[in-house]
Amino acid sequence: MRPVGSKYLLEEPLGRGATGTVWRARQREAAGAEAAVTGQPGETVAIKVLKEELAQDPDIVMRFLRERSVLLRLTHPNIVRTRDLVVEGDLLALVMDLIDGPDLHRYLRENGPFTPVAASLLTAQIADALAASHADGVVHRDLKPANVLLDERGGQMKPMLTDFGIARLADSPGLTRTHEFVGTPAYVAPESAEGRPQTSAVDIYGAGILLYELLTGRPPFAGGTALEVLHRHLSEDPQRPPTVPEPLWTVIERCLRKEPNERPSAESLARGLRVVASGIGVHSSAEEVEAALGVGALLAPDPSPAPVPETPGAADPTQMLPSTGAQAGAYDPNAMTSVMPPVGAADATSVLSSTAGPGADPTSVMPPVQRPDSPHPWQSQMQAARDRNEQTQIQYLDPNEDPLRRRPQRQAPPPPQHRPQPQQQPPQYRQGPPPPQQQYQQPQQPQYRQPQQPPQQQYAPPPPQHYQPQQHQPQPYQQQPQPQQPQYRQPQQQPPQAPPQRPAPREPREPRRRSANPVRIPGLGCLKGCLVLILVFFVAGWLVWELTPLQEWIGTGKGWWDQVWTWGNDVVDWVGTIGDSAGSSGSGKP
Ligand SMILES: Nc1ncnc2c1ncn2[C@@H]1O[C@H](COP(=O)(O)OP(=O)(O)OP(=O)(O)O)[C@@H](O)[C@H]1O
């Protein structure tokens, strides 16, 4: 067991991330007055020990201390409380409440996607946490399932947002400069990927991605290299999966707007999600369904989004990158990954990262991070970090090589995708249903139209009274017509829009040629053939009737064989007659 300061003892690692390792720890004695929670001896806590290179960066240490008060005062039922910050020698640690439960990333992997109602209520609570932190001027900037812990105490599951401020700490001039981003590619907002100014709207984008992932099991833009993923955030519109109810898709689509000002505030997102959760259940009343349909009107943008403070010196090229043992011109992947861990084969670190490569600042004055002579007890965390997916990355983007600088053209949205205009007017609150409680109760599932599927599809929910892990297995949708329920309309409530632009006059069309068969009747060809056959038989029958002695036979009651026999005899007689006449003429007889 290793002591952290004089107050804590590390017991066992709980998990490792790109910015540090989280340990289960025990309080040795009550913390000092500077801690937010002094705690009692013997109490169990979680301690995130930041990575060595973060702890050795004087800028980060300064920031850590400066942010202390912000991090310590951030309290909310859905935020993991930071109890204390420890700075001791080359060790930087955050002491947090210990959360008994998995993180959402692991939970999703093990249990599959959530039902729409559960996903809505869970994300609503995360939005509550964001609303509180944004009101305090704190932007998370790295919202993702791995940063949401599920507190399982009391038989319920409460999402707890963690890692607040870590992105802020990592966003140090010592680590990130112009053209770099802090975040995880699959969850990075377009403005972060482009290096534009960021606001609290980046967290809303992250919440939209998270909600999408809760519903489908994967984020909308994933796969390929990190650079490709960033590119997709900038250029692609997400597609509505068939299993996502229409009102919920409205929420996701608004959160994932490329333009930050068009995304809803965290507060309105939380409210909207609760209205949706109430209106997409099988037992939802007509009013609740109607309110869910109108959720677009509730998703008001934040009039004054919290800005992400400019990193002092971030754009200053004289700022030194942390030396990772690499010399100018000598690319050392291990040295590089000590700062920027690659995230597996699919990761784009080889494309993105050049901090320690030839582009690294040769005048770096920071102390080298790799010190083989003094192995750190947590050195192995880097290897573990490499094995993980979905990590926060702090990576360098060379502006000359970065295709994201040339902002690609946005792809035209596919026709069935509805893309409502930003809601600029204040939200019009309907007399909606009371928002659900913080616990998951009675998920009620909606009737909603699914894209490219016949209407009247009803989502068959599991029947949990309380939110339970095993109740969030992927659920099939069943078709059960219920005509009394109102159907979701495709278009959302649209705000008044500018008069549409007149389309350019069309090219005159070539006059249509009349088709020989203007009306296509299935089977007509066959019918025609039959009619012709009948006609042929009719004519043939008439000819036989008229030109053959058929009538005579029928009149005399003669059979077919009798007649043939008669014909045969006639022929024989006729041949005999010809033979006789030929013989008499040859002998000269008359
Ligand atoms: N307060 C806590 N209580 C209990 N377990 C925790 C706590 N904080 C983190 N953990 C565990 O530690 C793991 C690693 O946490 P960490 O924040 O380092 O991961 P991460 O978010 O994936 O990393 P990063 O954000 O640096 O990429 C978490 O997935 C979780 O299982």
Side-chain angles (χ1 to χ4, degrees), residues 8 10-27 36-37 39 43-55 60 71 74-76 78-85 92-110 126 129 140-153 157-171 175-176 181-188 203 206 210 213 219 226 337-344 347 349 378 380-382 384-395:
Y8 308 97
L10 300 184
E11 288 184 345
E12 59 162 333
L14 292 171
R16 297 178 171 87
T19 53
T21 303
V22 178
W23 294 75
R24 177 194 296 276
R26 198 163 292 280
Q27 188 130 14
V37 182
E43 216 174 310
T44 318
V45 293
I47 297 186
K48 180 161 194 166
V49 179
L50 295 188
K51 275 164 60 176
E52 202 174 1
E53 50 267 51
L54 293 173
I60 292 181
L71 291 178
L74 208 55
T75 53
H76 185 273
N78 297 108
I79 294 179
V80 178
R81 187 173 48 169
T82 306
R83 300 161 67 113
D84 198 3
L85 298 182
L92 228 52
L94 285 106
V95 183
M96 302 172 275
D97 284 347
L98 183 77
I99 303 301
D100 193 10
D103 65 67
L104 204 43
H105 176 72
R106 200 180 98 200
Y107 182 84
L108 261 179
R109 235 183 17 223
E110 291 171 359
I126 294 169
H140 190 288
R141 293 178 61 199
D142 198 14
L143 186 55
K144 58 181 177 179
N147 281 336
V148 176
L149 303 176
L150 295 172
D151 190 347
E152 291 178 322
R153 279 174 301 185
M157 210 172 258
K158 189 166 77 155
M160 303 288 290
L161 195 46
T162 187
D163 259 0
F164 263 103
I166 295 299
R168 251 156 104 104
L169 292 174
D171 194 13
L175 280 181
T176 61
F181 75 92
V182 176
T184 309
Y187 305 89
V188 155
D203 286 346
L210 185 139
E213 189 170 353
T337 52
S338 67
V339 177
M340 296 161 290
V343 290
D347 187 56
T349 45
W378 300 294
S380 62
Q381 76 185 44
M382 288 317 307
R386 282 188 204 113
D387 297 339
R388 285 172 56 99
N389 290 322
E390 309 291 0
Q391 284 183 347
T392 305
Q393 294 178 29
I394 308 161
Q395 300 187 328

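Numbers for residues simply follow the sequence, beginning at 1. Each ligand, and each atom within it, is numbered from 1 in the order the structure gives.
With values rounded to the nearest 0.5 angstrom, Leu94 atom CG is found 9.5 Å from Ile47 atom CD1. To the nearest 0.5 Å, atoms CG (Asn78) and CG (Leu149) are separated by 11.5 Å. Expressed to the nearest 0.5 Å, how far CG of Leu143 lies from OG1 of Thr162 amounts to 11.5 Å. Going from atom OG1 of Thr75 over to atom CZ of Arg81 covers 8.0 Å, rounded to the nearest 0.5 Å.
Taking a cut-off of under 4.0 Å to the non-hydrogen atoms of Lys48, the atoms of ligand 1 that pass are 16 (P), 17 (O), 18 (O), 26 (O). In the vicinity of Gly20, heavy-atom distances shorter than 4.0 Å reach the ligand 1 atoms 18 (O). Residue Ala146 approaches ligand 1 through these ligand atoms, each under 4.0 Å from one of its heavy atoms: 21 (O), 22 (O). Set against the non-hydrogen atoms of Gly15, the atoms of ligand 1 under 4.0 Å away are 12 (O), 13 (C), 14 (C). Which parts of ligand 1 touch Ala46 is read off a 4.0 Å heavy-atom cut-off, strictly below it: atoms 1 (N), 2 (C), 3 (N). Residue-ligand proximity, Leu14 to ligand 1, at heavy-atom distances under 4.0 Å covers atoms 4 (C), 5 (N). Every atom of ligand 1 is numbered from 1 in the order shown, and the set under 4.0 Å from a heavy atom of Asp97 is 1 (N), 2 (C), 3 (N). Close contacts of ligand 1 with Val80, meaning ligand atoms under 4.0 Å from a residue heavy atom, involve 1 (N).
Under 4.0 angstrom from ligand 1, the non-hydrogen atoms of Asp142 all belong to its side chain. Contacts between Leu149 and ligand 1, counted as non-hydrogen atom pairs separated by less than 4.0 Å, involve the side chain only. With a 4.0 Å cut-off on non-hydrogen atoms, Lys144 touches ligand 1 through its side chain and not its backbone. Under 4.0 angstrom from ligand 1, there are no non-hydrogen atoms of Arg24.
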Quiz item: Going through the checks in order, is the salt bridge (charged side-chain N to carboxylate O under 4.0 Å, His left out) test met by Arg141 and Asp203?
Solution: CA-CA 6 Å; Arg141 293 178 61 199; Asp203 286 346; over 6 Å; no
Quiz item: For Arg26 and Glu12, what are the C-alpha separation, side-chain angles and deciding distance, and is it a salt bridge (charged side-chain N to carboxylate O under 4.0 Å, His left out)?
Solution: CA-CA 10 Å; Arg26 198 163 292 280; Glu12 59 162 333; over 6 Å; no
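Using modelled atom types, no side-chain atom of Asp100 and backbone atom of Arg153 make a donor-acceptor pair closer than 3.5 Å. Judged by distance alone, the side chain of His140 and the main-chain N or O of Gly206 form no donor-acceptor pair under 3.5 Å.
Considering backbone and side-chain N/O atoms, Asp103 comes within less than 3.5 Å of an N/O atom of ligand 1. At under 3.5 Å, a nitrogen or oxygen of Asp163, whether backbone or side chain, sits near a nitrogen or oxygen of ligand 1. Ligand 1 has no N or O atom lying under 3.5 Å from any N or O atom of Met96, backbone or side chain.
Taking all heavy atoms of Leu150, Val22, Thr82 into account, the minimum distance to atom 12 (O) of ligand 1 is reached by Val22. Proximity annotation for atom 21 (O) of ligand 1: of Asn147, Asp100, Ile47, Asn147 comes nearest, heavy atoms only.
The two residues Arg83 and Asp97 have their closest heavy-atom pair at NH1-OD1, 3.0 Å. When all heavy atoms are compared, the tightest approach of Leu71 to Phe164 is CD2-O, 3.3 Å. Residue Asp151 comes nearest to Met160 through the heavy atom pair CB-CG, 3.9 Å, listed as atom of the first residue, atom of the second, then distance.
Heavy-atom separations between Met160 and ligand 1 are all 4.0 Å or longer.
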